[in-house]
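Below is one structure, written out as structure tokens; comments come after it.
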Amino acid sequence: MMMKNSFELIYDVVRRIPYGKVATYGQIAMLAGNPHWSRVVGYALHVNPDPEHIPCFRVVNRYGEPSSAFAFGGVNEQITLLQNEGVEFIDGRVDLSKYLWDGR
DNA sequence: CTGGTGACCGCTT
DNA sequence: AAAGCGGCCACCA
């Protein structure tokens with residue numbers, strides 16, 4: 001039986017993030033089906049079983065700023081990756097008005 | 001086995 | 001207008 005745990009639903013949503021766009025935890029949680037999973041989303045990415053297929057670096061908090069625990073090698077590195085995709089960082093924040101993934 | 005925490009968000013007062 | 005609290009899942013000791 002394919003019992004999709006909440007984590008798989010979250011991974012599925014994160015994997016849908018297109019190139020050059022960013023998504024927020026709340027957005028993913030809502031798309032996953034529960035607006036209160038925002039916390040679970042953070043934990044799901046924490047285990048991040050497939051970082052190569054799950055662009056956790058494209059996931060940012062509501063303020064458009066990368067999470068603190070991203071220091072797995074250098075938060076600066078994450079910002080560079082997004083910039084490399086065309087995402088413009090302003091004052092260490094992403095313009096969610098332009099780069100926030102609309103869920104499509 | 002139980003308790004507590006964590007990459008968060010939204011609502012209430 | 002601002003601040004504080006709760007809530008869901010899974011893993012750890």
Side-chain angles (χ1 to χ4, degrees):
Chain A
M1 313 250 277
M2 304 296 234
M3 296 270 272
K4 275 195 175 174
N5 291 354
S6 309
F7 277 46
E8 289 207 13
L9 292 169
I10 293 161
Y11 297 139
D12 191 35
V13 176
V14 177
R15 259 189 257 173
R16 285 174 171 161
I17 300 172
Y19 174 92
K21 286 244 159 124
V22 296
T24 64
Y25 293 93
Q27 185 88 26
I28 294 162
M30 197 187 317
L31 292 171
N34 292 49
H36 295 280
W37 281 5
S38 50
R39 208 180 221 180
V40 185
V41 173
Y43 206 83
L45 294 174
H46 179 84
V47 294
N48 209 351
D50 291 314
E52 296 181 0
H53 291 276
I54 300 169
C56 53
F57 60 88
R58 284 187 195 157
V59 183
V60 296
N61 63 13
R62 278 214 296 144
Y63 298 97
E65 216 180 328
S67 299
S68 47
F70 265 115
F72 59 86
V75 181
N76 187 308
E77 192 68 16
Q78 199 213 351
I79 295 169
T80 301
L81 287 167
L82 291 172
Q83 285 184 339
N84 188 17
E85 300 211 337
V87 179
E88 188 174 6
F89 267 71
I90 300 167
D91 188 31
R93 288 189 217 168
V94 184
D95 193 341
L96 300 175
S97 302
K98 295 183 170 196
Y99 297 105
L100 175 59
W101 178 39
D102 49 3
R104 277 199 146 216

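In what follows, chains are A, B, ... by sequence order, proteins preceding strands, each numbered from 1. Note that this is a predicted model, so its numbers are computed, not measured.
- Applying the side chain to side chain donor-acceptor pair (under 3.5 Å) criterion to Tyr25(A), with sequence neighbours excluded, gives Ser67(A).
- For the residue pair Thr80(A)/Asn84(A), the side-chain donor-acceptor check at 3.5 Å is not satisfied.
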Validation: residues 31-53 of chain A side-chain donor-acceptor distances under 3.5 Å, sequence neighbours left out:
none

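- Between Val94(A) and the options Thr24(A), Ile79(A), Val22(A), Leu100(A), a side-chain contact (heavy atoms from CB on, under 4.5 Å) holds for only Val22(A).
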Classify every nucleotide of nucleotides 8-13 of chain B by which part a protein heavy atom approaches to under 4.0 Å, writing B for the base, S for the sugar-phosphate alone and - for neither, in 5'-to-3' order.
BSS---

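- The backbone N or O of Arg93(A) lies less than 3.5 Å from no partner atom in the side chain of Asp91(A), so there is not a single donor-acceptor pair.
- Applying the ring pair (Phe, Tyr, Trp, His ring centres under 6.0 Å) test to residues at least two apart or on different chains, none of the pairs has a partner in residues 77-104 of chain A.
- Residue His46(A) contributes atom NE2, which lies 11 Å from atom P of dG6(B) at whole-angstrom precision.
- First and last contacts of DNA chain C with chain A, using any nucleotide atom under 4.0 Å from a protein heavy atom and ordered 5' to 3', fall at dG7(C) to dC11(C).
- Side-chain contact check for Arg58(A) versus Leu82(A): some heavy-atom pair is nearer than 4.5 Å.
- With sequence neighbours excluded, no residue forms a salt bridge (Lys or Arg N to Asp or Glu O under 4.0 Å) with Glu88(A).
- Rounded to the nearest Å, the gap between the P atom of dC11(C) and that of dC9(B) is 22 Å.
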